[in-house]
Structures are given as C-alpha cells and as structure tokens.
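Structure, as structure tokens:
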Amino acid sequence: MAEKERETREVAPYRRRGPLSVFEDMERMFERFMPEWPRAGFWGAPGFPDVDIFERDNQVVVKAELPGVKKEELSVDVTEAEVTISGEKKEEEKVEEKDYYRHERRYGSFARTFALPSGVDAANAKASFRDGVLEISVPKKAEAQRRTVKVD
C-alpha cells in the first residue's frame, strides 16, 4: 500500500511581546474584521461619553466628558425619568495617507440615556458646556429633598 504524501508546514511559534499582547492581538483582529466595533470606554461599553451622576445641593448632577465635541453638535433631553445626551463628533481633517501606526480616535454620532431618581423637576433643568465637560443640573422637587429629623 502506497503512503500518501503529506505536505508539512512548520508552525511559527507565538512570541509573546508583553503581558497584554493577547488582548492587543484580539483588538487588532476586531479592528481588521469589524472596523466599527465599539471600544470599551469610547463609543462602546460602557459608552461614550463617560459620565458621573451624583447629588449636590438638592439637585441631581450629570457630568459628561465630551472631548472634541462642539457645543452646537450636542443635544440634551431631560424628562422626569431620564436624561439623554446625544450628538456628533466630526472628523477634523481627512487624512488620505494610509501609513497609520495606530488609529483609535472615533468619529460619528453617539447617544446615551440615563435614569434619574424619582422626584426631579425636569422643567427647571439647566445645562452648561465648558472645556469639553457637559454639566446638567436637575433640581429635586421639594417633597423629594432630604430632610433631617431630630430624634426625641
């Protein structure tokens, strides 16, 4: 019985370049096959923009970091139950060369919605935008404000 000839190929060993190289390889693979895949912390999970929500002086405050976004490209919608931040980050310049070493900056539309605690007064919400930080202040209704009660 004649043996079948087999083509043999040598497998190149995996060379680990650093402790995070496996994750970097996975990221490169996603970038190659799914260029619009959202990155963690930016356009993706947890999401863009990064947000802090806290209570200050009987109001609920939402602070969002929006680097590179212009005030005119922002929209804020506040209801009694939630706040939605949406907008668009436009590309500053179109680079035609393809000699990128790394391309991480993202452009395009975004939107995030956050639940607000009950008892807020959406009609009196205020928003300011300075140095790439959006701050939305939503006052709490009088009946929802914290009160200190003295124990007898």
Task: Donor-acceptor contact present, side-chain Arg112 to main-chain Pro49, <3.5 Å - done: yes
Task: From Ile136, Leu134, Val76, residue fulfilling side chain to side chain contact (heavy atoms under 4.5 Å, CB included) relative to Val62 - done: Ile136
Task: Value rounded to 0.5 Å, distance of CD in Glu65 from CG in Asp131 - done: 11.5 Å
Open item on the list: Please determine whether salt bridge (charged side-chain N to carboxylate O under 4.0 Å, His left out) holds for the pair Lys140 and Glu55, giving the CA-CA distance in whole Å, both sets of side-chain angles, and the decisive distance to 0.1 Å.
Closed with: CA-CA 9 Å; Lys140 294 176 83 175; Glu55 198 172 312; 3.2 Å; yes
TODO: Mind running side-chain contact (heavy atoms from CB on, under 4.5 Å) on Val120 and Lys141 for me, showing each step along the way?
DONE: CA-CA 5 Å; Val120 296; Lys141 294 179 181 174; over 6 Å; no
Task: Interatomic distance, Lys63 atom NZ to Ile53 atom CD1 [nearest 0.5 angstrom] - done: 13.0 Å
TODO: Compare every heavy atom of Asp121 with every heavy atom of Val138, then report the nearest pair and how far apart it is.
DONE: CG1-O, 3.8 Å
Task: Euclidean distance, Glu88 CD relative to Leu74 CG, rounded to 0.5 Å - done: 11.0 Å
- [ ] Measure the spacing between CD1 of Ile85 and CG of Asp77 and express it to the nearest 0.5 Å.
- [x] 10.0 Å
- [ ] Determine the minimum heavy-atom distance between Ser137 and Arg56, stating which atoms define it.
- [x] OG-NH2, 4.2 Å
Task: Spacing of CD belonging to Glu80 relative to OG belonging to Ser118, to within rounding of 0.5 Å - done: 10.5 Å
Open item on the list: If I take atom CD from residue Glu73 and atom CZ from residue Phe110, how far apart are they, to the nearest 0.5 angstrom?
Closed with: 8.5 Å
Task: Minimal non-hydrogen separation, Lys89 against Gly68, with atom names - done: CG-O, 3.8 Å
